[in-house]
Amino acid sequence: MKRRNFIKNASLTGVGLAVGSTIASCVENPSEDKKIIANTSKASLPLVIATWHVENATAKAMEVLQAGGNALDAVEQGCMIEEADVMNQSVGKGGLPDREGNVTLDACIMDKHGNCGSVVYLQNVTHAVSVARKVMEETPHVMLAGKGAEQYAYELGFKKENLLTEASKEAWEKWKVESEYKPIINIENHDTIGMLAIDKNGDISGACTTSGLAYKMAGRVGDSPIIGSGLFVDNEIGACVATGLGEEVVKTVGSFLVVELMRQGKSPQEACEEAINRIVNKPKSDYKNFQVGYIAVNKQGEIGSYSIHQWFSMTKFQDGVNEQIQSDFFYKT
Ligand code: SD4
């Protein structure tokens with residue numbers, strides 16, 4: 001089922017996530033329509049995983065890696081595919097706007113040395129992930145916001161573009177008529193791309209880029225550009241990236257948590273599950289009404305993913321196979 005249709009049908013706002021897999025052993029669970037993949041053997045490299053169904057993006061990243069490129073180049077170029085795709089209304093050009101009609105982008109990137117860069121509330125520039133990389137590599141800072149980030153992008157030669165496509169404008173106008181003017185926590189906007197790659201040298205990098213929640217309050221920034229929440233990479237241990245309701249990810253510093261759990265010996269799958277449990281087990285957690293999903297990889301190339309609700313998926317490219325994998329999930333009715 002297409003994720004968007006699912007969200008429409010279930011009126012559930014959320015993100016999803018995919019199950020971990022590795023190289024060798026793949027155990028089909030006969031009772032479920034999902035694949036559970038046991039990570040028992042050494043992974044073959046290079047390897048790319050990304051949130052959601054983004055085969056073009058993972059293909060691009062793998063092309064970079066196969067050509068001998070590093071993981072950092074791979075995740076940047078992979079994410080750029082989705083940023084440029086106007087059909088993806090959660091990322092880059094064509095992203096759904098905030099309630100005032102502004103398309104604002106959040107993105108970050110992190111390399112094998114633990115360097116990171118991010119942009120928040122970036123307008124009029126499609127490739128937020130590339131601006132984030134420039135912040136990392138060419139400024140003494142980690143994060144640039146709003147007008148400052150936009151101005152910096154123009155100084156670097158990025159083109160000024162109107163990111164609000166006709167389709168997204170129409171969707172916004174329809175929303176204005178039909179929807180109540182109140183914060184929407186988990187609706188139709190969950191194709192944020194988070195990507196993690198391990199290159200032939202075994203080095204890990206990650207990136208994340210999004211237009212954030214559709215019809216968010218003007219000025220709202222989510223988890224995706226917040227290092228440790230939307231993304232965290234530790235080249236000695238592994239990496240994690242999040243999707244879903246960013247506020248819930250930020251409150252639990254989700255991606256950092258997953259990497260720290262892996263450091264303590266948990267597999268990527270176990271770590272993702274624990275991080276989701278932290279959210280749903282909070283007293284008064286409203287988890288039935290929002291989605292959060294994590295994908296993770298460790299230094300050995302084992303992968304994992306877990307979400308609160310069904311229909312989260314990841315895309316994995318490894319050993320010549322570019323495939324979508326449904327995530328296991330917490331809330332089973
Ligand atoms: C946010 N986490 O801005 C992002 C949204 C997202 O798929 O992941 N959408 O909260």
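Every number for a ligand or one of its atoms is a count from 1 in the order of the listing.
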With a 4.0 Å cut-off on heavy atoms, does Lys216 reach ligand 1?
-> no
Below 4.0 Å from any atom of ligand 1, is there a heavy atom belonging to Ser224?
->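 Yes; Ser224 lies near enough to ligand 1 that a heavy-atom distance drops under 4.0 Å.
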Going by the order shown, which atoms of ligand 1 are within less than 4.0 Å of some heavy atom of Gly244?
-> 1 (C), 2 (N), 4 (C), 5 (C), 6 (C), 8 (O), 10 (O)
So, regarding [X] and ligand 1 (criterion: nitrogen or oxygen to nitrogen or oxygen, under 3.5 Å), is there a contact or not?
| X | value |
| --- | --- |
| Thr210 | no |
| Gly222 | no |
| Leu245 | no |
| Asp106 | no |
| Asp223 | yes |

Between Tyr331 and His309, how do the two ring planes meet: parallel, tilted or perpendicular, split at 30° and 60°?
->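 Rings of Tyr331 and His309: perpendicular, over 60°.
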I would like to know whether Thr209 and Glu82 meet side chain to side chain donor-acceptor pair (under 3.5 Å); could you show each step before the answer?
-> CA-CA 9 Å; Thr209 182; Glu82 292 301 311; over 6 Å; no
Sole residue of Lys60, Lys112, Arg133 in salt bridge (Lys or Arg N to Asp or Glu O under 4.0 Å) with Asp73 =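 It is Arg133; the other options fail the test.
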Cation-pi check, Lys176 onto Trp172 ring (under 6.0 Å, within 45° of axis) |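 Judged by the rule (NZ or CZ under 6.0 Å from the ring centre, within 45° of its axis), Lys176 counts as positioned above Trp172.
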